[in-house]
Structure formats: C-alpha cells, structure tokens
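Comments concern the structure below.
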Amino acid sequence: MIKYFIKNIFLFFIKDPALPQQLSHSNSPMPEGPEVKTVTTTLKKQLIGKELGRLWHSSLYLRKAVDYGEFRFFENKKISDISCYGKVIFFEIENKTSLLAQLGMTGQLKVEDQDTPLALHTHLRWPLKESAQEIRYVDPRRFGLIDVCDEEKKECIINRLGPDPFCMTTKDYLPLIEAMKKSSRAIKEVLLDQAVIVGVGNIYASESLFMAGIDPKILACKISTARYQKLIAAVKDVMLLAYKNNGTSFSNYVDGSGKKGSNLEYLKVFQKEGENCSRCQTSIVRIKQGSRSTFYCPNCQK
C-alpha cells in the first residue's frame, strides 16, 4: 500500500510535470453543455457500430482512481449508442449503458488515426477493431473522468442534476423557476449550480443574463416569474447557438474529431471587459463572483 502511494505521488509530480504549474488558472473556460453535446454528436457519427480493441491507459489518476481492469470486459464489443446529459457523456455497449465520460476542465475525447503522434497527457487509447483509428482521452489537469457506469448509476447521476436546457420544454419552466426562487444567492451563482440546471457554466451564464437583461448580482429570490421565463428562454437560445457553432474554443476544447468550435465570435460579453456593449455602447464590466469572473453590461442589465 505504501509503495502504491509513493508510486502515484511520483507519477503525479514527475511523469506529468505540467500539472502543478497549471493548477492556478482557476478562471480558464471549461467545456460546458454545448461543448459536451458537440463532442457527443461528433463521437456518435464516428463510433456507432465500431468494435473496441485492447485498451491502453497511462496508469495516472484522473479525477479519481479508476479500475481499468473493469474496462477489459468491453473489449471485442460494439458501441451501440452515445448520449449526454449536461456535462456527462454516456456510452452504451451492446445496448447497455456501460461507460461515462466527463471532460472536466481540460479534457479532450476524440477519435484519431492510430499513427497520429500522441499529444502530451494522453491517458487513454482504445483502438477500434478493423480500423486504423482509436479513441483517445487527453487531459493535462486530470480533472476529468472515464469510468464504468451501468443504467442504475446513470439514473442516479441524472436524478441528482437539474433539467438539461437541450431537453427542456415549457412545462419544465415553472418547476425550475420555483427551484431558483428558493435561493438567496446571486442569480449568476444559481445558474452555475448543476443541481438546479445542468450544462450552464461561466461562459453561458454571463451570455444568458446579458440576453435576458438581468444583472448577475441580483438575488435569485428577487426575480419575477416573467423575468425568469425570459432568462430560461435566453439560456436555451444561447446554448443552442453555441451547439450549432460547434462550441466555444478558448484553449483546450475540441470536438470529437479534434476540431475547434467557432462560437467565440458570437459571444456578446464573456471576456470582453472594456469593449463597448453591442446594444448601448457602454463598456462591458468584469466582476468577481465567488472564484469566477462575470462579464456584463451595467446599463443593459438591471
């Protein structure tokens, strides 16, 4: 046990030397709902019906220790479906929920040719039988996760989460509004709470509040039902636009084919401190809420 502990401490600091230096960048944009949905869509196009070969892994911890021995059961079996809920990707193998993947802050899950040079911090390679390609998982900061997951575990995960904007209909609005109104936190913080609504991260919370004309500092319990209706519609519109544009790429994010998203040019306020508001020409302001930066227009958002 002591040898195992020492080995993993050594691997953490020596074999993956870039990790400690990167831990300070707490405001780095991370994959949110639209990015995860884009990865899911692109993987699905490439992997459905493909048979998995023999797994290779780096032996390094991801967000938690994973028993890769359990993955051997899925070798020589076919991927039958890939779906996502919020920021969690689910793989069905032989028509049964079998694996989950979470990208964390810097994770990339993509299909590449087997002879493509390995990126630094590649932690998983899963060749596809009768193919020259393989699934690769790359994660410099190792906050993501790939693990086994059966139907019961999937249901448990989804039940702990709020509604997914990509699945919501208007009948889901009122229960969501009631959940938000119970909070005395700032509305921006509530939007980031995955137990309230999933897939909304720092980028799309700022963008949605701008579209709805709501000050990110307002307490959630002080917002009217009518304004909430407008906000939820804005969340859906902002996230759908990002999905149509293949996601927002700032640094690490790429889709399941290794391509960057193009939604960056459509952002109105996020990371635009000091630039003129597209509506009223007032300068965009950046404030800190919790450990994250919030961008908004002090004139348009009341």
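We count residues from 1, following the sequence as given. Scope of the values below: all heavy atoms of this structure, side chains included, with no hydrogens, waters or symmetry mates.
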> Hey, mind stepping through R136 and T122 against side chain to side chain donor-acceptor pair (under 3.5 Å) and telling me if it holds?
Replying inline: CA-CA 7 Å; R136 292 183 179 179; T122 297; 5.8 Å; no
> From C167 SG over to D172 CG, what is the distance, rounded to the nearest 0.5 angstrom?
Replying inline: 9.0 Å
> Would W56 end up clustered with I146 when hydrophobic side chains under 4.5 Å apart are linked, directly or stepwise?
Replying inline: no
>> For the NZ atom on K181, are there more than 12 heavy atoms of other groups (residues, nucleotides or ligands in this structure) within a distance under 6.0 Å?
In response: yes
> In Å, rounded to the nearest 0.5 Å, how long is the span from CG of L99 to CZ of F90?
Replying inline: 11.0 Å
>> My understanding is that only residues two or more places apart in sequence, or in another chain, count here; which of them pass salt bridge (Lys or Arg N to Asp or Glu O under 4.0 Å) with E51?
In response: K129
> Does any N or O in the side chain of S249 come within less than 3.5 Å of the main-chain N or O of G261, such that one atom is a donor and the other an acceptor?
Replying inline: yes
>> Looking at every non-hydrogen atom in both residues, tell me the closest pair between P165 and V235 and how far apart they are.
In response: CG-CG1, 4.0 Å
> Going from CD on E265 to CG on L267, what distance comes out if it is rounded to the nearest 0.5 angstrom?
Replying inline: 9.5 Å
>> Checking the side chain of Q289 only, and the main-chain atoms of P216 only, is there a donor and an acceptor separated by less than 3.5 Å?
In response: yes
>> Let's go through L264 and F250 carefully: what are the C-alpha distance in whole Å and the side-chain angles of both, what is the deciding distance for side chain to side chain contact (heavy atoms under 4.5 Å, CB included) to 0.1 Å, and is it a yes or a no?
In response: CA-CA 8 Å; L264 182 61; F250 280 98; 3.3 Å; yes
> Listed by chain and number, what are the ring pair (Phe, Tyr, Trp, His ring centres under 6.0 Å) partners of F295, not counting sequence neighbours?
Replying inline: F270
> If you look only at pairs with a residue in residues 234-258, which of them pass as a salt bridge (Lys or Arg N to Asp or Glu O under 4.0 Å), with sequence neighbours excluded?
Replying inline: none
> Any link between M211 and M180 through a network of hydrophobic side chains (Ile, Leu, Val, Met, Phe, Trp, Tyr) touching at under 4.5 Å?
Replying inline: yes
> Has the side chain of N299 got a donor or acceptor atom that lies under 3.5 Å from a matching backbone atom of T282?
Replying inline: no
>> Quick check: is L192 connected to I197 through a chain of hydrophobic side chains (ILVMFWY, heavy atoms under 4.5 Å apart)?
In response: no
> Does the E35 side chain pair with the main chain of E32, one donor and one acceptor, at a distance under 3.5 Å?
Replying inline: yes
>> Using the salt bridge (Lys or Arg N to Asp or Glu O under 4.0 Å) criterion, which residues pair with D81? Sequence neighbours excluded.
In response: K44
> Pairs in or reaching into residues 183-201: which pass side chain to side chain donor-acceptor pair (under 3.5 Å), with residues at least two apart or in two chains?
Replying inline: S183-R185, R185-D193, K188-N202, K188-T294
> Should I48 and I93 be counted in the same cluster of Ile, Leu, Val, Met, Phe, Trp and Tyr side chains packed under 4.5 Å apart?
Replying inline: yes
>> Would W126 and F74 count as a side chain to side chain contact (heavy atoms under 4.5 Å, CB included) here? Give the steps.
In response: CA-CA 11 Å; W126 210 332; F74 305 114; 4.1 Å; yes
> Should we count CD of E155 as having more than 12 external heavy atoms under 6.0 Å?
Replying inline: no
> Which residues pass the side-chain hydrogen bond (donor to acceptor under 3.5 Å, both in side chains) test with Y228, sequence neighbours left out?
Replying inline: none
>> Quick test of your reading of the model: are E94 and K77 salt-bridged, counting only N-O distances below 4.0 Å?
In response: no
> How about Q281: does its CD atom have over 12 heavy atoms from other parts shown lying under 6.0 Å from it?
Replying inline: yes
> If you round to the nearest 0.5 Å, how far is CD of E92 from OG of S83?
Replying inline: 6.5 Å
> Is Y253 reachable from L240 through a run of I, L, V, M, F, W or Y residues, each pair having side-chain heavy atoms under 4.5 Å apart?
Replying inline: no
> Do R286 and S293 have side-chain N/O donor and acceptor atoms under 3.5 Å apart?
Replying inline: yes
> Among all residues two or more places apart in sequence or in another chain, which pass the salt bridge (Lys or Arg N to Asp or Glu O under 4.0 Å) test with D147?
Replying inline: K64, K153
> Short question: side chain of T42, backbone of V39 - any donor-acceptor pair under 3.5 Å?
Replying inline: yes
>> Give me each pair satisfying salt bridge (Lys or Arg N to Asp or Glu O under 4.0 Å) with a member in residues 211-232, each pair once, sequence neighbours excluded.
In response: D215-K217
> Which hydrophobic side chains are connected to I287, either touching it within the sub-4.5 Å cutoff or through other members that do?
Replying inline: V285, Y296
>> So, applying side-chain contact (heavy atoms from CB on, under 4.5 Å) with V88, which one of V36, L100, T40, V198 is it?
In response: L100
> Can Y137 and L62 be said to form a side chain to side chain contact (heavy atoms under 4.5 Å, CB included), step by step?
Replying inline: CA-CA 11 Å; Y137 181 70; L62 296 178; 4.0 Å; yes
> To which residues is V138 joined in a hydrophobic cluster, defined by side-chain heavy-atom contacts under 4.5 Å among Ile, Leu, Val, Met, Phe, Trp and Tyr, whether direct or through other members?
Replying inline: none
> Do K268's NZ or CZ and the ring of F210 fall within the cation-pi criteria of under 6.0 Å and 45°?
Replying inline: no
>> If the condition is salt bridge (Lys or Arg N to Asp or Glu O under 4.0 Å), which residues does R54 pass it with, not counting sequence neighbours?
In response: E75
>> Testing the basics here: between V269 and E207, what is the closest heavy-atom pair and its distance to 0.1 Å?
In response: N-OE2, 2.8 Å
>> The test is side chain to side chain contact (heavy atoms under 4.5 Å, CB included); show your working for I157 and Y85 and say whether it passes.
In response: CA-CA 9 Å; I157 290 170; Y85 190 88; over 6 Å; no
>> For the NE2 atom of H123 and the CZ atom of R142, what is their distance to the nearest 0.5 Å?
In response: 5.5 Å
> For the atom pair CD1 (I82) and CG (L43), what is the distance rounded to the nearest 0.5 Å?
Replying inline: 5.0 Å
>> Once ring pair (Phe, Tyr, Trp, His ring centres under 6.0 Å) is applied, do any residues pair with Y243, and if so which ones, sequence neighbours excluded?
In response: F166
> What are the two closest heavy atoms between G256 and Q46, and how far apart are they?
Replying inline: O-NE2, 3.2 Å
>> Could you check whether any side-chain N or O of Q108 sits under 3.5 Å from a backbone N or O of N252, counting only pairs where one atom can act as donor and the other as acceptor?
In response: yes
